[in-house]
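What follows is a set of notes on a single structure, which appears directly below.
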Number of protein chains: 2
Amino acid sequence: MTTIDDVAKLAGVSKSSVSRVINGNFQYMSEEMRGKIEQAIKELDYRPNSLAQSLKKKETKVIGLVVGDLNSFWSVALRGVQEECMRSGYGLMVSESAWDPEKDLENIHMMKSKRVDGLIVSPIRQHKQVDELLTSLDIPYVFADSTWDEVVSDQVVTNTVAGAVEAMEHLIQLGHTRIGTILFTLENSVRRERLEGYKEALRKHGLPLDESLIKICKAGKGTGVEAVLELLNRPDRPTAIFSTNMHLTLDVLKGVRQAGLDVPGDISVVGYDDSEWAPLLDPPLTTVAVPAFQMGVKAASLLIQKLQSKKPKKPKKIEIMPKLIIRHSAAELHPKQSADEASVVQLTDHSAAKEKTNENHSTGINSRKA
Amino acid sequence: MTTIDDVAKLAGVSKSSVSRVINGNFQYMSEEMRGKIEQAIKELDYRPNSLAQSLKKKETKVIGLVVGDLNSFWSVALRGVQEECMRSGYGLMVSESAWDPEKDLENIHMMKSKRVDGLIVSPIRQHKQVDELLTSLDIPYVFADSTWDEVVSDQVVTNTVAGAVEAMEHLIQLGHTRIGTILFTLENSVRRERLEGYKEALRKHGLPLDESLIKICKAGKGTGVEAVLELLNRPDRPTAIFSTNMHLTLDVLKGVRQAGLDVPGDISVVGYDDSEWAPLLDPPLTTVAVPAFQMGVKAASLLIQKLQSKKPKKPKKIEIMPKLIIRHSAAELHPKQSADEASVVQLTDHSAAKEKTNENHSTGINSRKA
DNA sequence: TTGTAGGCGTTATCAC
DNA sequence: GTGATAACGCCTACAA
């Protein structure tokens with residue numbers, strides 16, 4: 001491995017001068033010396049050892065991503081994070097705790113020992129412990145997606161309540177008054193807020209809240225099917241279902257089919273999280289699309305900006321608006337029309353002092369060529 | 001930040017001894033000293049600085065993943081890689097070139113400068129240059145998924161030809177003789193092999209090869225729709241289509257719908273790459289599922305094993321078998337039957353001296369709880 | 001304008 | 001058994 005000494009020797013100069021060239025300190029340096037050194041660097045194809053640089057400079061130019069679940073949402077968001085990192089010259093380390101809350105803490109320690117400059121975190125639970133650990137470790141961080149209600153740190157989240165409300169209002173405008181919903185256990189803010197939006201929409205439109213129409217299920221394959229069947233097998237079954245998660249939406253559709261019911265004849269369904277497959281279902285599925293890619297970009301850029309500014313600013317909360325994608329039923333589709341045709345309802349941000357993030361970004365799905 | 005010196009001071013010993021404890025060198029050490037030091041470490045919650053360790057030991061315990069496209073396949077495979085890394089105590093850096101072949105090379109350099117111990121690479125093109133760069137950089141590596149025909153290095157791939165043949169044979173057994181196929185441009189082995197499998201199946205069953213039934217399209221949204229429409233609008237249109245990529249399958253289904261045709265009444269479709277949504281289509285879609293998660297695990301463990309064994313072994317090629325998942329048509333589904341019910345055809349490995357990877361692993365989809 | 005020397009936090013090779 | 005001490009490869013006052 002060629003080192004800075006090799007370059008110095010070849011160029012016949014001291015290594016401090018080489019170091020200056022590497023770091024772009026050309027302030028008081030003769031053109032001649034600079035030329036000699038750059039020549040030598042090229043000749044040896046020398047690249048500095050980041051480890052040594054980092055040890056000295058106390059920064060690694062690497063940020064870490066600590067997520068509870070690298071699920072479909074995060075796998076898209078990850079690309080946004082990665083893209084922003086590349087653009088800003090940062091490396092990216094990733095870790096997943098796979099739903100073991102202890103591992104989130106462990107992973108943070110791991111990242112710290114690798115000396116990442118900052119962290120994007122999205123734990124599943126224990127946000128408080130995570131927050132405390134992060135501050136005690138004195139590591140710059142940004143919460144993303146999932147957060148903690150009393151959190152005072154930087155964060156990038158989607159306005160989940162607004163998304164849920166919009167989904168519900170779509171159903172209400174279609175004339176539904178008995179709307180069921182299905183959720184995963186309320187372990188984090190994202191999940192709680194979806195329920196909040198459900199309730200808020202009912203309240204807003206003067207509809208009664210029937211707790212028995214709310215089904216909360218444990219994570220796991222197929223648990224949603226049972227839940228939805230319970231909902232559908234009642235005599236006073238709901239005429240619409242708001243599914244709050246993509247995995248649950250799969251279960252809901254399976255359940256509806258198992259119950260021998262028809263969408264949208266017997267029951268309407270709106271799902272949270274969009275999928276490339278939604279337009280291909282029969283009928284095409286209306287969903288709330290969360291701009292995952294964009295969130296990844298925002299989270300990374302907020303963190304990096306934080307790393308690069310000297311003076312600490314006050315915590316910033318960036319909210320990203322989900323989009324309701326209303327898809328026509330298959331019957332209404334003209335044969336020559338694109339099956340992907342849909343109306344996109346851009347939710348408006350009602351909150352005041354928050355960063356507007358309504359640029360016309362992609363939803364993260366289909367945002368790259370294949 | 002607390003250092004090894006702080007620990008030494010607190011314990012009243014030299015830092016050499018502390019270092020021994022950290023590295024588990026208890027060979028010639030009194031119980032007493034060990035106790036004192038462990039106590040001090042705990043008290044200060046001391047964690048060694050990986051940078052300094054790595055600088056000295058010349059290993060970082062980090063591996064890198066360099067992929068051309070963090071698409072749906074790799075986003076699942078990534079979880080496998082990550083899981084194996086965590087199990088073996090390695091960190092993971094990721095990078096994506098987003099279809100810019102130059103960036104693959106750039107990312108490799110970046111990883112090298114960060115001094116990763118090894119690399120899992122899956123470039124889109126220029127496998128030869130990548131291979132050469134990797135060897136010239138003297139960095140241990142494993143090709144994964146996509147590879148290069150003349151490659152002699154370690155690699156973990158799926159037997160794409162076998163997968164394609166099986167898909168085709170399914171269609172042939174259903175009585176189809178005019179089968180169209182749709183592919184992305186043949187830039188890498190994975191893509192070429194799918195075409196190869198298409199041809200091989202025809203040959204094997206004595207069916208004629210009609211080049212005009214083979215549609216090759218550029219990457220990009222919706223290009224597949226045009227291609228499939230060309231296929232379907234001919235008077236002698238094929239009675240079945242083998243779609244070689246998930247994105248293309250979406251386009252194929254859209255195209256079929258736009259042409260006003262019915263699956264499977266007018267035309268049969270088999271897709272490469274499975275999706276959670278496949279069983280929910282009407283009719284459920286038959287696909288070739290590629291065990292992405294498993295491939296990630298295998299790639300990581302092969303690399304790590306390579307890193308940890310002293311003597312270089314001869315290059316190893318691990319082949320993973322895709323699985324054909326035959327789904328019943330909706331009409332045949334009993335209402336109380338799971339919509340996900342499907343026959344899984346486990347392809348048999350016909351090759352001789354290759355590692356068997358037919359354990360009953362998951363396909364990567366649905367392999368985690370949500 | 002350039003070079004010398006010390007130190008970043010460890011590990012490893014010696015002595016003792 | 002334990003402790004100095006010299007690297008590891010780079011950066012950066014400070015001196016020249």
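In what follows, chains carry the letters A, B, and so on, assigned in the order in which the sequence lines appear, proteins first and then strands, with residues in each chain numbered from 1. Just so you know, these numbers come straight off a predicted model, no measurement behind them.
Applying the 6.0 Å contact sphere to NZ of B:Lys36 captures more than 12 heavy atoms from other residues, nucleotides or ligands. Summarising the local packing, NZ of B:Lys306 is surrounded by more than 12 heavy atoms from other residues, nucleotides or ligands at distances under 6.0 Å. Within a 6.0 Å radius of CG in A:Asp45, more than 12 heavy atoms belonging to other residues, nucleotides or ligands are found. Heavy atoms of other residues, nucleotides or ligands lying less than 6.0 angstrom from CD of B:Gln308 number more than 12.
Counted by atom type alone, B:Trp99 and B:Asp69 present one or more donor-acceptor pairs between their side chains at under 3.5 Å. Side-chain contact, A:Ser97 with A:Asn107: no donor N or O sits under 3.5 Å from an acceptor N or O. Using modelled atom types and a 3.5 Å distance limit, the side chains of A:Ser146 and A:Ser122 yield no donor-acceptor pair.
Atom NZ in A:Lys58 sits roughly 8 Å away from atom C1' in C:dG9 (whole-Å rounding). Rounded to a whole Å, the CG atom of B:Asn49 is 12 Å from the P atom of C:dC8. Taking atom CG of residue B:Leu55 and atom P of nucleotide C:dT11, one finds them 11 Å apart after rounding to whole Å.
Under 4.0 Å is where a charged nitrogen must lie from a carboxylate oxygen, and between A:Lys103 and A:Glu106 no such pair does.
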Please write out the pairs of protein N or O atoms and N or O atoms of nucleotides 4-7 of chain C separated by less than 3.5 Å, giving the distance to one decimal.
unit_1	atom_1	unit_2	atom_2	d
C:dT4	O4	A:Ser16	OG	3.1
C:dG6	N2	A:Lys56	NZ	3.4
C:dG7	N2	A:Lys56	NZ	3.2
C:dG7	N3	A:Lys56	NZ	3.2

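Partners of B:Gln129 according to the side chain to side chain contact (heavy atoms under 4.5 Å, CB included) rule, which considers only residues two or more places apart in sequence or in another chain, are B:Leu105, B:Gln126.
Inter-residue side-chain proximity for A:Val62 and A:Leu92 is flagged as unmet; no heavy-atom pair is nearer than 4.5 Å.
Rounded to 10 degrees, the angle between the two end axes of the helix from C:dT1-D:dA16 to C:dC16-D:dG1 is 50°, with five pairs used at each end.
A heavy atom lying under 4.0 Å from DNA chain C marks none of the residues of residues 25-38 of chain B.
Listed here is the closest heavy atom pair of A:Asp154 and A:Lys316: OD1-N, 2.8 Å. Considering every non-hydrogen atom in both A:Asn23 and A:Lys57, the closest pair reads OD1-NZ, 3.4 Å.
For DNA chain D, the outermost nucleotides in 5' to 3' order that have an atom under 4.0 Å from a heavy atom of chain B are D:dG1 to D:dG9.
Residue pairs satisfying the ring-ring contact (aromatic ring centres under 6.0 Å, His included) criterion with at least one member in residues 108-146 of chain A, sequence neighbours excluded, are listed as follows: A:His127-A:Phe143, A:Tyr141-A:Phe143.
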